[in-house]
Amino acid sequence: MTPGKRKVAVVGVSLSDCGRVDEATPYALHAQAARRAVADAGLDRSVIDGFASTGLGTLAPVEVAEYLGLRPTWVDSTSVGGSTWEVMAAHAADAIAAGHANAVLLVYGSTARADIRAGRRTGTLSFGARGPLQFEVPYGHTLIAKYAMAARRHMHAYGTTLEQLASVAVQARANAALNPEAMFRTPITTDDVLSGPMIADPFTKLHCCLRSDGGAAVLLAAEEYVRNCRTPPVWVLGTGEHVSHTTMSEWPDFTVSPAAVSGRIAFERAGVRPDEIDVAEIYDAFTYMTLVTLEDLGFCAKGEGGEFVEKGRLTVGGELPVNTDGGGLSAQHPGMRGLFLLVEAVRQLRGEAGQRQVRKAGGRLPELAVASGTGGWFCSSGTVVLGRG
């Protein structure tokens, strides 16, 4: 944090009901998560003067703020896909540090699964066919196909194997087995992943995230409010954001994600190294996302992600616990999942993760965590480094 500016902490986090939530509206999930996060912090809601939300309503975040009964003087409706919430957290932390807000609430909620079951939308909802995307849409260039092509390129360039990619899903499920809030908890094997129905080569079904309902909320506040909170602070140490491309032909290297830039910036601003991180929460709509993001954040060299993810390294008891709640592959994925990464990182640093709690040598709690969100098809990235107070 820049000298002379206020320190910023995450003081409240929560999830709404998640998984199969057939009766709630997206607004209700926003409200449920928000109420729980404010209660978690123990602050009066009158302190909240900043609000960030996107993806719901015609005038996001105005409609959601109204639904929650908030009248903020600082707002953000940044929308860059799954990385939205790490980018919003960066904006909120900057605003609080500069004195433009005192406490900022970030909220998300979606009934993506229930909407499809009720016929309110289709499973192949297009991103649109205007602008640069018009040149790809006619060829059936789906989001999952773009990730699949990137994975194939990594396999070709570095010898990454299907078994290595599958191990990411296996370890995510092992972590989910310890999480009572996870949607799928039954252990799976590499063979289960490899033998599943093909979705987009090389991805079978278990290489891909699930679709769920759910919401999350995170409350950030200036340092002077921490003493009034019921929970220990988790400090925002450094953030970074980056956008790369939207058209595949403008992506310089399919094996490099924008986390290579956002991660470097976040670690530099935090004054920590990747090898000091105790827990990593990484956006995982597909197994390849986890692997390549680990490379780009600096946890291993480029091309060595396949070997890095093997042998249980990503499990709660592994060398670098990753997606300790089960991630989007097994816990929940209601759309733009980046806010869930921040919630889980904070819970781990506070020691509130129950059976899936990460412990360092001697039973000590983790001290540093990173949350890195990815948007679009590696179009954008936001990275947040957090530290226990």
Side-chain angles (χ1 to χ4, degrees), residues 10 12-24 28-41 85 107-114 117 168-189 192-193 206 208-219 230-232 234 278-285 290 312 314-318 321-335 337-360 363 365-366 369 371 386 388:
V10 178
V13 298
S14 187
L15 303 183
S16 72
D17 294 345
C18 293
R20 301 174 179 87
V21 189
D22 290 317
E23 302 304 321
L29 295 180
H30 277 77
Q32 188 179 58
R35 285 194 300 267
R36 291 175 178 178
V38 174
D40 181 58
W85 307 101
V107 191
Y108 176 67
S110 169
T111 51
R113 171 199 157 274
R117 288 179 59 87
V168 174
V170 172
Q171 292 173 83
R173 183 62 63 87
N175 291 342
L178 304 174
N179 178 12
E181 294 180 299
M183 196 167 175
F184 293 110
R185 303 178 65 193
T186 303
I188 57 175
T189 66
D192 291 332
V193 180
L206 291 175
C208 308
C209 65
L210 54 87
R211 185 185 291 272
S212 74
D213 308 310
V218 168
L219 181 61
R230 58 171 297 274
T231 54
V234 170
D278 301 310
V279 180
E281 307 299 339
I282 292 173
Y283 207 98
D284 62 339
T290 302
L314 312 185
T315 60
V316 167
V322 173
N323 295 340
T324 47
D325 63 345
L329 293 170
S330 287
Q332 71 286 115
H333 198 299
R337 192 179 180 273
L339 200 53
F340 292 76
L341 309 180
L342 292 167
V343 171
E344 179 65 12
V346 169
R347 285 177 169 176
Q348 286 289 341
L349 293 176
R350 286 181 180 172
E352 299 173 347
Q355 283 188 293
R356 67 183 186 280
Q357 180 63 53
V358 172
R359 295 282 178 179
K360 299 176 68 175
L365 290 175
L386 300 167
R388 183 161 56 87

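Side chains included, hydrogens not; waters and symmetry mates left out as well; all remaining heavy atoms used.
- Atom CD of residue E352 and atom CG of residue L365 lie 10.0 Å apart, to the nearest 0.5 angstrom.
- Residues V316 and V358 approach most closely at O-CG2, 4.0 Å, considering heavy atoms.
- Looking at D192, its side chain does come within 3.5 Å of a backbone N or O of T189 through a donor-acceptor pair.
- Side-chain contact annotation: S330 with R173, donor-acceptor N/O pair under 3.5 Å present.
- Taking each heavy atom of L210 and M183 in turn, the nearest pair found is CD1-SD, 3.8 Å.
- Going from atom CG of L342 over to atom CZ of R337 covers 10.5 Å, rounded to the nearest 0.5 Å.
- Closest approach of P366 to V279, counting heavy atoms only: CB-CG2, 3.9 Å.
- Heavy-atom neighbours of R117 CZ from other residues, nucleotides or ligands within 6.0 Å: at or below the threshold of 12.
- Ring-plane geometry between Y283 and H333 is classed as perpendicular, the angle between the planes exceeding 60 degrees on a 0 to 90 degree scale with a lower cut at 30.
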*Please assess V168 against D284 for the test side-chain contact (heavy atoms from CB on, under 4.5 Å), listing each intermediate value before the final yes or no.*
CA-CA 9 Å; V168 174; D284 62 339; 5.9 Å; no
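- With hydrogens and angles disregarded, no donor-acceptor distance shorter than 3.5 Å links the side chain of E181 to the backbone of A331.
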*Would V21 and L29 count as a side-chain contact (heavy atoms from CB on, under 4.5 Å) if you check the C-alpha gap in whole Å, the side-chain angles of each, and the deciding distance to 0.1 Å?*
CA-CA 9 Å; V21 189; L29 295 180; 4.2 Å; yes
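- Salt-bridge annotation for E281 and R347: absent, with no side-chain N of the basic residue lying under 4.0 Å from a carboxylate O of the acidic one.
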*asked:* Could you go through L386 and V10, starting from their C-alpha distance and side-chain angles, then the distance that decides it, and tell me whether this counts as side-chain contact (heavy atoms from CB on, under 4.5 Å)?
replied: CA-CA 9 Å; L386 300 167; V10 178; 4.3 Å; yes
*asked:* Is there a side-chain contact (heavy atoms from CB on, under 4.5 Å) between Y108 and F340? Walk through the geometry before answering.
replied: CA-CA 9 Å; Y108 176 67; F340 292 76; 4.2 Å; yes
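- Looking at heavy atoms from C-beta onward, R185 lies in side-chain contact with P180 at the 4.5 angstrom threshold.
- Rounding to the nearest 0.5 Å places SG of C208 at 8.5 Å from CG of L329.
- Here R35 does not pair with D40 in a salt bridge; the nearest charged N to carboxylate O distance is not below 4.0 Å.
- For the pair R36 (side chain) and L15 (backbone), a donor-acceptor distance under 3.5 Å is present.
- To the nearest 0.5 Å, atom OG of residue S110 and atom CD of residue Q332 are 11.5 Å apart.
- When only modelled atom types and interatomic distance are considered, N179 and R356 share a side-chain donor-acceptor pair under 3.5 Å.
- Here the closest heavy-atom approach between residue A182 and residue A176 is recorded as CB-O, 3.6 Å.
- Here the closest non-hydrogen pair linking A217 and V343 is O-CG2, 3.9 Å.
- Under the side-chain hydrogen bond (donor to acceptor under 3.5 Å, both in side chains) test applied with Q348, the options D325, D278, T324 reduce to a single match, T324.
- At distances below 3.5 Å, at least one donor-acceptor pair connects side-chain atoms of D213 with backbone N or O atoms of A114.
- Within the 3.5 Å criterion, the main-chain N or O of L314 finds a donor-acceptor partner in the side chain of Q171.
- Of the possible polar contacts, none joining the S16 side chain to the A33 backbone as a donor-acceptor pair under 3.5 Å is found.
- Closest heavy-atom contact between N323 and T290: ND2-OG1, 4.1 Å.
- Distance check: L349 CG to E344 CD gives 10.0 Å after rounding to the nearest 0.5 Å.
- Between V13 and R350 the shortest side-chain heavy-atom distance falls below 4.5 Å.
- Without hydrogens or angle criteria, R113 side chain to P334 main chain gives no donor-acceptor distance under 3.5 Å.
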